[in-house]
Asker: 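Below are the structure tokens for one structure; questions will follow.
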Amino acid sequence: MTGMYSEKVMEHFRKPKNMGKIEDADAVGTVGNPVCGDLMTIYIKIKDNKIHDIKFQTFGCAAAIATSSMITELAKGKTLDEALKITRDDVANELNGLPSIKMHCSNLAADALHKAIKNYLQKKEREK
Amino acid sequence: MTGMYSEKVMEHFRKPKNMGKIEDADAVGTVGNPVCGDLMTIYIKIKDNKIHDIKFQTFGCAAAIATSSMITELAKGKTLDEALKITRDDVANELNGLPSIKMHCSNLAADALHKAIKNYLQKKEREK
Amino acid sequence: MKKIYLDHAATTPVDKKVVEAMLPYFYKHYGNASSLHSFGRKAHEALEESRKKVASLLNVKEKEIIFTAGGTESDNIAIKGIAYKNREKRYTKGPHIITSSIEHPAVLETCKHLEMQGYKIKYLPVDKHGIINIDELEKTISKNTFLITIMYANNEIGTIQPIKEIGQIARENNIIFHTDAVQAIGKTPIDPNKINVDLLSISSHKMYGPKGVGALYIREGLSIQPIIHGGGHERGIRSSTENIPGIVGLGKACELAKKRMEKDTKHIKKMRDKLIKNILEIEESYLNGHPQKRLINNAHFRFTGIEGESLLLSLDDKGIAASTGSACSSKKLQPSHVLIAIGLTPIEAHGSLRLSLGRENTQEEISYVTDVLPEIINRLRKISPLWKKQE
Amino acid sequence: MKKIYLDHAATTPVDKKVVEAMLPYFYKHYGNASSLHSFGRKAHEALEESRKKVASLLNVKEKEIIFTAGGTESDNIAIKGIAYKNREKRYTKGPHIITSSIEHPAVLETCKHLEMQGYKIKYLPVDKHGIINIDELEKTISKNTFLITIMYANNEIGTIQPIKEIGQIARENNIIFHTDAVQAIGKTPIDPNKINVDLLSISSHKMYGPKGVGALYIREGLSIQPIIHGGGHERGIRSSTENIPGIVGLGKACELAKKRMEKDTKHIKKMRDKLIKNILEIEESYLNGHPQKRLINNAHFRFTGIEGESLLLSLDDKGIAASTGSACSSKKLQPSHVLIAIGLTPIEAHGSLRLSLGRENTQEEISYVTDVLPEIINRLRKISPLWKKQE
Ligand SMILES: Cc1ncc(COP(=O)(O)O)c(C=O)c1O
Ligand SMILES: Cc1ncc(COP(=O)(O)O)c(C=O)c1O
């Protein structure tokens with residue numbers, strides 16, 4: 001897997017976008033597998049059914065950090081429906097690919113985003 | 001076994017002593033093993049119970065040729081009794097040693113000499 | 001950018017003197033050591049001269065050394081070679097082979113392979129520093145145990161086992177004792193006779209020699225079944241045209257190791273101790289492995305909230321080459337079996353960093369590393385959901 | 001004294017370009033190919049670049065090439081790897097493996113080892129030129145035959161087998177086909193797909209590459225059991241830190257072989273043909289092997305009344321490096337099994353001489369050899385009791 005990261009991956013790893021916590025997030029999604037060494041939390045703030053703000057915190061390899069960064073970029077400003085349609089493959093493609101061995105373990109960002117959105121929708125449901 | 005021949009062996013291999021046939025030999029001794037690729041014939045002429053002349057013909061490796069040459073040197077002028085006492089080890093020692101793998105197969109010269117002498121003694125016996 | 005290589009446990013640069021010694025055997029004395037002509041004789045002489053040098057480093061007889069294609073092959077030959085000689089024992093109660101749970105994959109995977117063939121293997125646990133329990137070893141031995149294989153020093157955390165005691169126990173119980181000394185050789189004097197070792201594995205590329213060559217010490221009189229069959233080279237134990245340049249390189253590397261050991265040890269240990277001292281000043285940083293019983297060039301840390309690969313790549317961006325454990329393991333995405341065996345959680349294991357030093361490292365390099373590392377750790381902790389202290 | 005090397009079948013000098021390609025990987029890009037840092041990435045790139053070059057020479061996919069420690073190991077992996085996958089077949093009627101009686105010891109001894117484990121092996125005889133009988137091969141096949149292993153070209157007498165026909169038969173009968181192409185590779189274009197070969201062994205040091213490296217072509221989809229266990233390198237088939245300088249050398253050697261094949265063939269064949277023509281003018285001299293179907297660089301003779309070692313050492317005294325057959329065999333003092341298989345008596349076999357040419361030989365060297373050889377033969381015949389003509 002060495003040297004198989006695209007420049008894009010390394011760019012996002014070196015200078016991740018939207019990194020950190022949103023203290024007053026509307027919802028949070030956490031996924032991961034401690035055995036693989038990847039844990040990811042996505043924080044979202046929603047306004048007009050759109051992702052108004054998004055941040056991440058990630059413990060994991062360069063791929064995990066890059067996918068986290070990428071998903072925040074992809075999701076920002078999207079409607080919840082649009083955001084739910086972003087797939088793992090979309091993330092990998094936007095990063096110009098990931099080493100195949102990393103596709104399974106480290107490409108969790110889409111899952112974390114979906115989880116955050118679902119948590120948000122459930123909360124809204126309960127509030128009705 | 002490469003490179004393990006002493007200079008003495010190579011000397012006798014390069015310029016063997018007493019090589020050839022004695023047409024009117026008093027006795028001949030042939031030993032060898034075609035599978036190993038060593039065949040040796042010793043020709044002797046006897047005078048006053050002494051080895052007056054000795055020659056050899058050898059098909060074989062450098063060790064076989066060197067031991068043949070050496071035995072002719074060692075035996076020349078010796079009494080038959082003395083010559084019978086020359087051993088394989090004597091030959092090897094005079095050559096400053098032989099590769100251990102060659103001790104068995106190629107160090108046949110003493111045998112050939114002894115065979116020649118025995119043939120001579122038997123002939124004499126019969127002539128009595 | 002200047003590069004700083006701190007991954008000598010993965011592999012070392014080849015010493016210039018070693019390459020110089022090898023070169024004539026590519027161009028000039030290129031003969032096959034089995035050939036009768038002058039080219040062959042030159043090669044054969046070089047082969048035996050190198051064997052002498054390896055034997056001299058270990059203080060053993062030349063004929064007790066055979067050359068292999070590396071540490072992995074040495075381990076495989078030693079363990080399978082003895083196991084196959086004791087094939088019938090498989091049908092008895094075990095354990096037949098005793099090893100440790102922190103061996104290199106070359107030993108572990110070989111043992112697992114033998115397990116599938118019916119051999120019973122005991123994988124001894126280790127304590128939090130990575131040391132096996134001698135009492136437990138003694139208790140584990142059965143009358144059918146024919147082989148103990150325990151590494152001299154661990155490739156990840158650098159822990160050195162009580163080899164002499166193990167050798168004593170093996171001897172008393174008439175059990176053959178193999179040790180994988182790939183990481184230890186050249187860093188500490190090793191004499192198989194003094195520590196009752198019967199088989200000992202070496203790899204050239206961990207000691208400033210070329211890759212793809214190794215050696216196995218086999219005590220005189222011990223009989224081994226080959227795993228590679230062919231022309232009968234190396235006393236029939238390892239067939240194949242001898243890799244003369246490689247073997248010359250290993251020989252030279254052993255010669256240098258012997259000559260330089262004292263000086264190198266002093267130099268490397270000093271840098272290593274400074275490295276440990278400075279790095280442990282970082283908040284929530286810990287040393288893995290034994291504080292004293294460790295290889296002179298090994299420094300192994302763990303940082304709360306940090307993942308190893310990110311740390312490595314960040315160091316790499318600063319020109320520093322390091323590792324999270326055995327380089328091999330990085331393919332598997334599994335936390336290191338060694339770190340799990342010493343009791344770390346998977347998350348802790350993933351947060352580990354191995355810095356392994358070599359003879360050409362300098363004090364300046366070490367200072368640079370200890371300057372740069374805290375920033376990197378800070379940055380990664382900022383991204384990390386596992387670093388609670390950030391607010 | 002100028003030296004003339006005519007033993008390229010035993011091993012070749014390493015091409016200058018090959019050594020140059022290797023050097024940076026000792027000193028500079030010395031990383032472990034499994035390491036994540038820049039040193040490791042450089043090594044990994046070199047590894048895959050070399051794989052591409054080997055694959056290109058054979059016109060196969062990169063992932064079908066694995067690197068080994070030499071021809072012997074390639075042969076062992078191929079044959080045992082397939083045999084162990086078909087372990088249960090041992091209990092059926094054989095033959096399970098079909099080979100020839102003139103294989104290199106790397107194949108023959110591996111087969112003998114498998115025989116001891118219960119596999120039934122058929123060793124096909126050869127005709128007086130060293131060629132197997134295709135009809136006999138077909139008749140020998142049983143429904144339990146799972147592997148045919150027959151060499152591309154013989155290392156002693158240079159005879160080339162009808163590999164394409166064998167491949168055809170293997171394919172029709174659904175049998176895996178391995179060929180030891182160690183001597184043929186680089187001397188003739190080989191495309192495993194065109195000749196239905198499933199596994200093919202290569203050794204670097206027979207083609208101007210370094211010793212101690214080889215490769216094995218494994219057709220995509222074919223599953224092989226490893227014989228060396230460890231870190232899982234080379235798709236788990238051959239564990240051990242990759243010998244990057246060696247592999248780079250093999251890659252470069254393959255690149256050169258591809259580029260130079262046409263030119264080299266012309267040059268070498270011309271010299272070889274002259275050598276044969278001139279030497280056969282010596283009284284009672286004979287060519288061993290097939291007059292046409294032979295390697296372009298092989299000339300193999302037999303002289304009545306002459307023993308090979310004496311001939312070799314006499315040539316060596318004149319600066320000429322030659323062989324009596326496989327260099328390996330010289331340890332055994334047994335006449336070559338290849339020469340016996342083509343019907344020579346032991347005495348005839350002992351009287352054999354192999355001259356194998358290479359790309360750096362010159363016409364002048366060949367003339368020198370044909371000038372010098374008759375005297376030597378005369379001298380040895382004078383000492384020989386088997387040369388009746390002397391009086
Ligand atoms: C302890 C230990 N044993 C065995 C090996 C295997 O050696 P090699 O890579 O030469 O096969 C290594 C290194 O990879 C090691 O560190
Ligand atoms: C036909 C053939 N197969 C296999 C080998 C073995 O190759 P290596 O010496 O690289 O192990 C050789 C040469 O020794 C050979 O000529």
Side-chain angles (χ1 to χ4, degrees), chain C residues 3 5 7 10-14 16 19 23 26-27 30-32 34-40 69-73 75-76 104-106 109-110 113 203 205 210-213 227-233 239-246 309 312-313 315-316 321-323 326-328 330-331, chain D residues 3 5 7 10-14 16 19 23 26-27 30-32 34-40 69-73 75-76 104-106 109-110 112-113 205 210-213 227-233 239-246 309 312-313 315-316 321-323 326-328 330-331:
Chain C
K3 298 219 174 155
Y5 189 74
D7 201 10
T11 192
T12 57
V14 186
K16 283 233 149 55
V19 182
L23 282 177
F26 290 123
Y27 289 132
Y30 49 78
N32 186 318
S34 301
S35 296
L36 288 171
H37 46 64
S38 62
F39 294 86
T72 300
E73 194 186 7
D75 285 341
N76 273 260
H104 187 272
E109 295 299 321
T110 299
H113 176 69
S203 179
H205 74 96
K211 294 178 175 62
V213 204
I227 55 178
I228 304 273
H229 295 81
H233 309 76
S239 290
S240 189
T241 304
E242 298 90 344
N243 175 5
I244 300 296
E309 194 204 274
L312 282 203
L313 290 177
L315 283 166
D316 189 52
S323 162
S326 169
C328 313
S330 63
K331 279 178 202 150
Chain D
K3 295 219 175 156
Y5 189 74
D7 201 10
T11 193
T12 58
V14 186
K16 283 233 149 55
V19 183
L23 282 178
F26 289 122
Y27 288 133
Y30 49 78
N32 186 317
S34 302
S35 296
L36 287 171
H37 47 64
S38 63
F39 294 86
T72 300
E73 195 186 7
D75 285 341
N76 273 259
H104 187 271
E109 295 299 320
T110 298
K112 280 184 202 158
H113 177 69
H205 74 96
K211 293 178 176 63
V213 204
I227 55 178
I228 303 274
H229 295 81
H233 308 76
S239 290
S240 189
T241 303
E242 298 90 343
N243 173 5
I244 300 297
E309 194 204 275
L312 283 202
L313 291 177
L315 283 166
D316 189 52
S323 162
S326 167
C328 316
S330 63
K331 279 177 205 153

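Since the structure is predicted, the reported quantities are computational estimates derived from the model, not experimental observations. Just so you know, these numbers use all the heavy atoms, side chains as well, and skip hydrogens, waters and symmetry mates.
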Asker: Sort D:Leu315 into side chain, backbone, both or neither according to what part of it lies under 4.5 angstrom from a heavy atom of chain C.
Answerer: neither

Asker: For residues C:Asp7 and D:Asn32, determine if any side-chain heavy atom of one lies less than 4.5 Å from a side-chain heavy atom of the other.
Answerer: no

Asker: Are C:Thr72 and D:His233 side-chain neighbours, meaning at least one heavy-atom pair lies under 4.5 Å?
Answerer: no

Asker: Is it the side chain or the backbone of D:Leu312 that comes within 4.5 Å of chain C heavy atoms, both, or neither?
Answerer: side chain

Asker: In terms of side-chain heavy atoms, does C:His104 have a donor or acceptor partner in C:Asp75 at a distance below 3.5 Å?
Answerer: no

Asker: Which atoms of D:Lys112 come close to chain C, meaning under 4.5 Å heavy atom to heavy atom: side chain ones, backbone ones, both, or neither?
Answerer: neither

Asker: Side chain from CB out, backbone as N, CA, C, O: work out which of these in C:Asp316 comes under 4.5 Å of a heavy atom of chain D, or both, or neither.
Answerer: side chain

Asker: Does D:Tyr30 offer a backbone N or O that forms a donor-acceptor pair with the side chain of C:Lys211 under 3.5 Å?
Answerer: yes

Asker: Heavy atoms only, distances under 4.5 angstrom: which of D:Gly31, D:Ala69, D:Ser38 has the most pairs with chain C? Name it, please.
Answerer: D:Ser38

Asker: Nearest 0.5 Å, please: how far is NE2 in C:His229 from CG in D:Asn76?
Answerer: 7.0 Å

Asker: May I ask you to test the D:Ile227-C:Ile227 pair for a side-chain heavy-atom distance under 4.5 Å?
Answerer: no

Asker: Looking at side-chain heavy atoms only, is the closest gap between C:Glu242 and C:Ser34 below 4.5 Å?
Answerer: yes

Asker: Which bit of C:Leu313 comes within less than 4.5 Å of chain D, counting heavy atoms only: side chain, backbone, both or neither?
Answerer: side chain

Asker: Could you check which of D:Thr12, D:Ile244, D:Thr11 has the highest count of heavy-atom pairs closer than 4.5 Å to chain C?
Answerer: D:Thr11

Asker: Which region of D:Phe39, side chain (C-beta onward) or backbone (N, CA, C, O), has a non-hydrogen atom less than 4.5 Å from a non-hydrogen atom of chain C, or is it both or neither?
Answerer: side chain

Asker: Select, from C:Pro210, C:Ser203, C:Ser239, C:Gly71, the one with the greatest count of heavy-atom pairs under 4.5 Å involving chain D.
Answerer: C:Ser239

